[in-house]
Amino acid sequence: MTYKVRLTGAAHEDLDRLFDFLLKRDLGAAERALVAIERALNLLAFSPFSCRKALLQKNPRWRELLIPFGHSGYVALFEIEDDHTVTVTAIRHQREEDYH
């Protein structure tokens with residue numbers, strides 16, 4: 001089974017924010033980070049239930065995808081909406097406090 005992976009407007013804003021943060025320091029790193037995030041999100045189309053359950057959510061359909069990058073990485077919060085759709089609602093750096 002293959003899932004359609006979609007990002008909310010807030011998740012797109014998170015990507016822009018994360019890219020802009022790295023862009024101020026290193027264009028190459030910013031581009032590599034986006035590639036790493038995009039590749040990881042593509043994995044959700046095939047195995048979203050393999051990701052860990054989101055700790056702050058009661059519903060087991062809410063999951064977190066860990067995305068390694070550099071010395072830490074990113075975390076994508078997503079919901080498995082049905083048998084066909086995965087919706088990414090937020091993406092943050094692992095050192096950020098929480099999703100916003």
Side-chain angles (χ1 to χ4, degrees):
M1 177 184 315
T2 302
Y3 292 83
K4 176 183 176 187
V5 179
R6 65 181 202 92
L7 278 72
T8 63
H12 281 288
E13 290 173 12
D14 288 341
L15 283 176
D16 289 342
R17 177 181 53 80
L18 294 167
F19 181 81
D20 289 344
F21 177 81
L22 279 178
L23 182 62
K24 294 174 187 173
R25 289 151 181 77
D26 183 347
L27 172 61
E31 292 171 342
R32 289 190 305 276
L34 276 185
V35 168
I37 293 169
E38 289 173 1
R39 284 184 182 157
L41 293 178
N42 287 335
L43 294 174
L44 295 178
F46 303 101
S47 59
F49 282 101
S50 67
C51 297
R52 74 180 185 189
K53 293 178 184 175
L55 299 177
L56 300 178
Q57 303 293 332
K58 303 279 188 212
N59 187 333
R61 291 185 154 287
W62 281 91
R63 303 281 173 138
E64 293 180 321
L65 171 65
L66 299 179
I67 305 166
F69 184 77
H71 294 293
S72 56
Y74 301 95
V75 180
L77 178 67
F78 66 94
E79 180 182 14
I80 304 165
E81 291 192 33
D82 54 37
D83 291 342
H84 307 286
T85 310
V86 171
T87 301
V88 179
T89 59
I91 304 168
R92 65 173 168 86
H93 191 273
Q94 288 181 4
R95 293 185 182 174
E96 286 183 70
E97 286 292 319
D98 207 348
Y99 301 104
H100 39 275

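Only heavy atoms go into these numbers, but all of them, side chains included; no hydrogens, no water, no symmetry mates. For reference, positions follow the sequence shown, starting with 1.
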N/O donor-acceptor pair under 3.5 Å between D26 side chain and L22 backbone: no
Of all heavy-atom pairs between [X] and [Y], which one has the smallest distance, and what is that distance?
{"X": "L34", "Y": "F19", "value": "CD1-CD1, 3.3 Å"}
{"X": "A11", "Y": "A90", "value": "CB-N, 4.1 Å"}
{"X": "A45", "Y": "V5", "value": "N-CG2, 3.6 Å"}
{"X": "T89", "Y": "A10", "value": "O-CB, 3.9 Å"}
{"X": "E64", "Y": "C51", "value": "O-CB, 3.2 Å"}
{"X": "L41", "Y": "V88", "value": "CD2-CG2, 3.9 Å"}

field: Trace of the side-chain contact (heavy atoms from CB on, under 4.5 Å) decision for I91 with L18
entry: CA-CA 9 Å; I91 304 168; L18 294 167; 3.8 Å; yes
task: Please tell me if the side chains of R52 and R63 come closer than 4.5 Å, counting only heavy atoms from C-beta onward.
output: no
query: So do Q94 and L66 actually touch side chain to side chain, heavy atoms under 4.5 Å?
result: yes
- prompt: Of all residues at least two apart in sequence or in a different chain, which pass the side-chain contact (heavy atoms from CB on, under 4.5 Å) check with S47?
  reply: S50
What distance do [X] atom [atom1] and [Y] atom [atom2] have between them, rounded to the nearest 0.5 Å?
{"X": "F78", "Y": "L44", "atom1": "CZ", "atom2": "CG", "answer": "4.5 Å"}
{"X": "I67", "Y": "R92", "atom1": "CD1", "atom2": "CZ", "answer": "10.5 Å"}
{"X": "K4", "Y": "T87", "atom1": "NZ", "atom2": "OG1", "answer": "8.5 Å"}

query: Which residues satisfy the salt bridge (charged side-chain N to carboxylate O under 4.0 Å, His left out) test with R61, sequence neighbours excluded?
result: none
task: Check the pair T85 / Y3 against side-chain contact (heavy atoms from CB on, under 4.5 Å), numbers first and verdict last.
output: CA-CA 5 Å; T85 310; Y3 292 83; 5.9 Å; no
query: Would L15 end up clustered with L23 when hydrophobic side chains under 4.5 Å apart are linked, directly or stepwise?
result: yes
message: With a 4.5 Å cut-off on side-chain heavy-atom distances among I, L, V, M, F, W and Y, is there a chain of contacts connecting L65 to V35?
response: no
F49 atom CZ: more than 12 heavy-atom contacts under 6.0 Å: yes
message: Parallel, tilted or perpendicular, judged at 30° and 60°: which one describes the rings of Y74 and F69?
response: tilted
task: Tell me whether the guanidinium CZ or amine NZ of R25 lies under 6.0 angstrom from the six-membered ring centre of F21 and within 45° of its axis.
output: yes
message: Before you tell me yes or no, could you show the steps for R17 and D14 under salt bridge (charged side-chain N to carboxylate O under 4.0 Å, His left out), namely the whole-Å CA-CA distance, both residues' side-chain angles and the distance that decides it to 0.1 Å?
response: CA-CA 5 Å; R17 177 181 53 80; D14 288 341; 3.5 Å; yes
